[in-house]
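Since we're looking at a predicted model, the values are computed, not measured. Each chain gets a letter, A, B and so on, in the order the sequences are listed, and its residues count up from 1. Side chains are part of it too, since the values below use all heavy atoms of this structure and drop only hydrogens, waters and symmetry mates.
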Amino acid sequence: MQPDSRPFEVAVLVSVGRHPLTGRARRADHDARGLELALGLGRHLDRLQVRAVHAGRHDSGNDTALRGYLGMGLAELTLVEQPDGADVIPALATVLTRSPPQLVVTGSRAECGEGSGLVPYALAERLGWPLVNGVVEVESIDNGVATLLQALPRGQRRRLAVRLPAILSVDGAAPAARQSAFGPAQRGELAPLQEAGVIDEAFAEWTFSPARRRPKRLKIIKATSARERFKAAAAKAEGGGGQVLSNVTSEQGAEAVYKLLEEEGVLR
Amino acid sequence: MTDDVMTGIARRDPRKEWIARNRLHPEHDRVLAELGKGSAAAIEWMGPHGVIRKNPHTAGFIGPSGLKRIDRSGLQQGGAPSVAVRARQESRRRIDIASPAFLVAVVPEMGGGRLSHHDRDLLGLARQLADADPDRPGAVLAVLFGGYKGEGEGEPKERALGEAGIDRLLHLTSDEYEGFAPEARLAALAAAERELAPRHWLLPDSPLGGADLGRRLAMRLEERPATGVWQLEADATCTLGWRCTARGAAGSLDIQRPLPRVALVLAECAEPVSDTLHAAEELTLNVELPANLTRIEDLGQVAVDPAAISLGEAEFILSAGNGVTDWEGFHHAAQCLGATEGASRVAVDNGFMPRDRQVGATGTWVTARVYVAVGISGAIQHLQGIQSCEKVVAINSDPGCDMIKRADLAVIGDANEVLAALVDLVESRRPQAKRGESRDAA
């Protein structure tokens with residue numbers, strides 16, 4: 001790759017999080033991990049420019065939370081000012097189209113509000129960019145193609161190649177964010193940017209309540225006779241008629257186990 | 001009781017009758033067979049005085065504890081227990097919806113090529129939506145991507161899917177849907193939307209399948225989806241006639257809102273279908289799906305060190321117990337199979353395995369898809385720990401132990417020998433597979 005005069009631009013969308021126990025505003029966990037991922041791209045690229053963007057209202061309540069991102073090593077944070085109850089997607093889309101970065105990194109879902117995890121998807125659809133969710137690591141960036149590792153359930157990883165510009169969303173599987181330093185956080189600048197706000201009307205009509213504990217599922221017994229009811233009540237848990245191979249050589253036994261493992265697709 | 005052929009006079013042999021009554025007599029079985037009472041048919045007969053006699057010794061069956069049980073409820077009459085199970089399945093009410101008023105589209109995640117618990121719950125919820133109005137029933141349409149692995153031997157796909165509550169089936173088997181292919185799958189769903197126009201789209205809010213695809217689909221259809229839905233109730237004031245409760249703000253809020261067209265649903269949102277059998281009639285799309293330009297390329301799964309995966313989320317666990325004596329061989333087997341190592345409490349207490357590898361109520365509750373228990377007899381605490389495992393394989397020398405009862409496949413034999421044979425088998429077949437892979441990559 002020949003050296004490019006323009007730096008590689010990454011925009012990280014950050015939000016105000018909420019501590020799960022105290023309920024206090026903090027830097028959102030997934031967004032901080034996203035910023036960590038973006039800052040770590042420096043090892044692949046000569047010139048990297050990371051821009052953090054927050055859309056929303058800025059007040060004394062969330063100042064510390066937003067400065068938490070600055071404390072990770074940023075000089076400034078773009079603050080797209082929006083009124084309360086605004087839909088941030090149009091504003092973010094405008095900001096991103098005005099000065100398009102090569103990569104947008106977001107968290108997978110917000111920690112307060114609707115928290116549906118739709119922001120990266122809505123932006124991808126509006127901008128027409130490809131989107132990869134659950135990114136853990138960016139392995140390389142070469143000729144406009146990024147090679148990524150995506151987290152799968154059960155600790156598995158998948159390698160993907162995506163054409164830039166692209167949107168990556170990051171969840172809890174990504175490496176933990178670095179600590180936020182107090183001094184740089186206070187010295188950093190919140191650069192405000194005025195954008196017209198679009199009020200989210202549907203959101204205002206919904207009713208919100210603290211999460212109720214979900215009812216535990218009961219075992220429903222459909223019995224027609226007393227005998228069946230008794231059997232169901234006295235039943236011991238069993239696997240449901242497994243196959244038992246006795247009087248076989250160890251080779252035959254191993255063959256049967258191998259067959260099952262292969263069918264389940266766990267052998268790699 | 002035997003008729004004399006010459007005279008036609010009924011002759012009785014009191015000695016034989018006495019032997020037939022005496023179960024402990026050494027010639028009892030032979031005499032019973034002679035008198036024609038040995039088979040199950042001779043439970044009742046007409047006595048010499050015209051009274052119906054019953055032989056309680058031939059009735060009944062041997063119960064699970066080895067004692068003879070006589071079932072007087074009339075259910076057991078001359079049948080193997082599997083008949084009752086089969087009869088219950090046959091008794092499922094068959095439902096054919098010929099001309100549905102509307103469609104409820106479901107995209108199951110199909111982890112490992114079969115319906116997961118989450119998918120079944122989702123289909124149960126789809127049935128609630130479809131069957132709300134008995135006069136104008138809707139049909140549940142399932143869109144499946146990739147191959148389907150049938151459950152049970154010889155069971156047709158329609159049967160298993162019909163039992164889960166699927167009326168219509170759109171099965172898309174093409175290579176382009178394999179792996180991470182959100183763009184191709186989204187194009188197929190968009191084509192289904194244009195052609196079939198379902199009233200509802202339901203997807204599981206699970207990291208493997210629906211959470212990503214459902215959000216993409218909603219954005220493509222320009223709908224605002226409800227995510228993390230866990231409850232539904234009918235409400236005529238809403239556009240679609242339903243109101244849902246969804247989790248928001250990282251699980252700390254409940255949001256009550258009208259049900260939108262696209263909903264991403266949590267597990268245990270509804271009871272799975274259990275008493276009806278649906279048609280699972282296959283549909284095909286008339287339009288040719290356009291070959292779309294993919295900007296995301298799947299380069300395949302990456303080999304992850306299985307020892308680095310925590311036991312609680314490992315997919316494939318090889319677990320050792322007291323029956324394992326060759327520990328070198330066990331570690332080698334785990335490495336060779338690519339399995340995460342687990343252990344029973346005995347193996348940990350004896351110092352063969354570290355404490356963080358202990359499976360069971362006092363150790364880790366595992367969620368593996370395949371759990372291979374080597375030389376583990378299956379204490380109740382251990383069985384509790386593997387409750388949510390899908391397939392359990394037991395290799396044990398004791399055929400009567402509890403692990404064998406729990407296992408889907410049990411091999412009775414010396415654990416170390418079977419494990420060594422398994423390692424040989426895997427190693428002998430592996431080089432061929434590896435060669436094939438490198439050729440594909442080139």
Side-chain angles (χ1 to χ4, degrees), chain A residues 18 20 109-118 121-122 125 130 132-134 149-150 152-163 202 206-212 214 217 220 222 225 227 238-239 242-246 248 250-251 253-258 260-261 264-268, chain B residues 73 75 112 180 207-208 212 215-216 219-220 224 227 230 247-257 268 271 274 295-304 309-310 313-316 337-338 369-370 391-393 395 399 404-414 417-418 421-422 425-426:
Chain A
R18 179 183 171 279
R109 63 177 67 185
E111 292 176 6
C112 40
E114 187 185 355
S116 59
L118 282 169
Y121 293 89
E125 197 65 30
V132 179
N133 64 323
L149 280 189
Q150 186 190 35
L152 296 177
R154 307 193 169 281
Q156 301 295 315
R157 299 282 182 267
R158 179 156 60 190
R159 187 169 287 131
L160 302 171
V162 62
R163 197 167 291 278
W206 302 342
T207 50
F208 297 86
S209 55
R212 226 172 348 129
R214 290 183 60 187
R217 175 176 267 182
I220 296 176
K222 285 183 177 159
S225 68
R227 180 170 177 273
E238 42 185 292
Q243 184 194 2
V244 179
L245 301 177
S246 46
V248 290
S250 45
E251 280 73 27
E255 180 77 44
V257 174
Y258 182 81
L260 184 136
L261 297 182
E264 290 297 316
V266 288
L267 290 178
R268 273 187 257 290
Chain B
S73 71
L75 278 174
F180 186 67
L208 196 60
D212 181 53
R215 288 182 170 89
R216 285 177 201 265
M219 290 299 122
R220 181 61 53 87
R224 185 171 187 172
T227 59
W230 60 277
R247 282 274 195 257
S252 63
L253 274 185
D254 270 345
I255 305 177
Q256 287 256 344
R257 55 184 285 188
E268 300 201 0
E271 287 298 328
S274 63
R295 291 167 299 179
I296 304 172
E297 191 189 348
D298 191 345
L299 303 177
Q301 280 211 8
V302 182
V304 182
I309 303 174
S310 76
E313 63 168 7
E315 186 179 27
F316 175 29
L337 295 171
R369 207 150 58 73
V370 180
K391 288 269 179 207
V392 176
V393 179
I395 304 175
I404 302 278
K405 286 175 196 150
R406 166 69 175 83
D408 298 280
L409 171 69
V411 178
I412 313 294
D414 182 68
E417 282 175 19
V418 176
L422 184 60
L425 198 63
V426 170

Find the one option among A256(A), S116(A), P210(A), G134(A) whose heavy-atom pairs under 4.5 Å with chain B are most numerous. S116(A)
Starting at CD of E264(A), measure out to CG of D408(B) and round the result to the nearest 0.5 Å. 8.5 Å
Point-to-point distance, once rounded to the nearest 0.5 Å, from CG of D414(B) to OG of S250(A): 8.0 Å
Under a 4.5 Å heavy-atom cutoff, which of L409(B), V411(B), V370(B), V418(B) has the most pairs with chain A? L409(B)
Run the side chain to side chain contact (heavy atoms under 4.5 Å, CB included) test on L245(A) and I412(B) for me, step by step, so that the C-alpha distance in whole Å, both residues' side-chain angles and the decisive distance to 0.1 Å come before the verdict. CA-CA 6 Å; L245(A) 301 177; I412(B) 313 294; 6.0 Å; no
Could you tell me the separation between the CZ atom of R257(B) and the OG1 atom of T207(A), rounded to the nearest 0.5 Å? 11.0 Å
Take Y258(A) and V426(B) through the side chain to side chain contact (heavy atoms under 4.5 Å, CB included) test and state the conclusion after the steps. CA-CA 8 Å; Y258(A) 182 81; V426(B) 170; 3.6 Å; yes
Answer yes when R214(A) and E268(B) have at least one side-chain N-carboxylate O distance shorter than 4.0 Å, and no when they do not. no
Using a 4.5 Å cut-off on heavy atoms from C-beta on, say whether the side chain of F180(B) contacts that of Q150(A). yes
Can you confirm whether P207(B) sits close enough to P153(A) that some side-chain heavy atom of one is under 4.5 Å from a side-chain heavy atom of the other? yes
Short N-O contact, R247(B) and E114(A), less than 4.0 angstrom: no
Under a 4.5 Å heavy-atom cut-off, does chain B meet the side chain of A122(A), its backbone, both or neither? both
Counting heavy-atom pairs under 4.5 Å with chain A, the top scorer among I404(B), L337(B), V392(B) is L337(B)
Interface residue of largest heavy-atom contact number with chain A, from G413(B), A410(B), G248(B), under 4.5 Å: A410(B)
With chain A, which of V393(B), V302(B), T227(B), I395(B) has the greatest number of heavy-atom pairs at distances under 4.5 Å? V302(B)
Y121(A) vs R220(B), side chain to side chain contact (heavy atoms under 4.5 Å, CB included): CA-CA, chis, key distance, verdict: CA-CA 9 Å; Y121(A) 293 89; R220(B) 181 61 53 87; over 6 Å; no
Got a sec: does the CZ of R157(A) have more than 12 other heavy atoms crowding it under 6.0 Å? yes
Under the rule for side chain to side chain contact (heavy atoms under 4.5 Å, CB included), what residues qualify as partners of E271(B), not counting sequence neighbours? R217(A), I220(A)
Note: vs chain B, highest number of non-hydrogen pairs under 4.5 angstrom among R212(A), E255(A), Q156(A), R159(A) is R159(A)
Are the side chains of V162(A) and E297(B) in touch, meaning some heavy atoms are under 4.5 Å apart? no
Nearest heavy-atom contact between P130(A) and I296(B) is CB-CG1, 4.0 Å
Measuring from atom CD of E417(B) to atom CD of E251(A), what distance do you get when rounded to the nearest 0.5 angstrom? 8.5 Å
Looking at residues at least two apart in the chain, or sitting in another chain, which of them share a side chain to side chain contact (heavy atoms under 4.5 Å, CB included) with S252(B)? R18(A), A249(B)
Under a 4.5 Å heavy-atom cutoff, which of L425(B), I255(B), D254(B) has the most pairs with chain A? D254(B)
Please report the C-alpha distance between L160(A) and L299(B) in whole Å, then the side-chain angles of each, then the deciding distance to 0.1 Å, and finally whether the side chain to side chain contact (heavy atoms under 4.5 Å, CB included) criterion is met. CA-CA 5 Å; L160(A) 302 171; L299(B) 303 177; 6.0 Å; no
Interatomic distance, E125(A) atom CD to M219(B) atom CE [nearest 0.5 angstrom]: 8.0 Å
Nearest 0.5 angstrom please: R215(B) CZ to N133(A) CG, how far? 9.0 Å
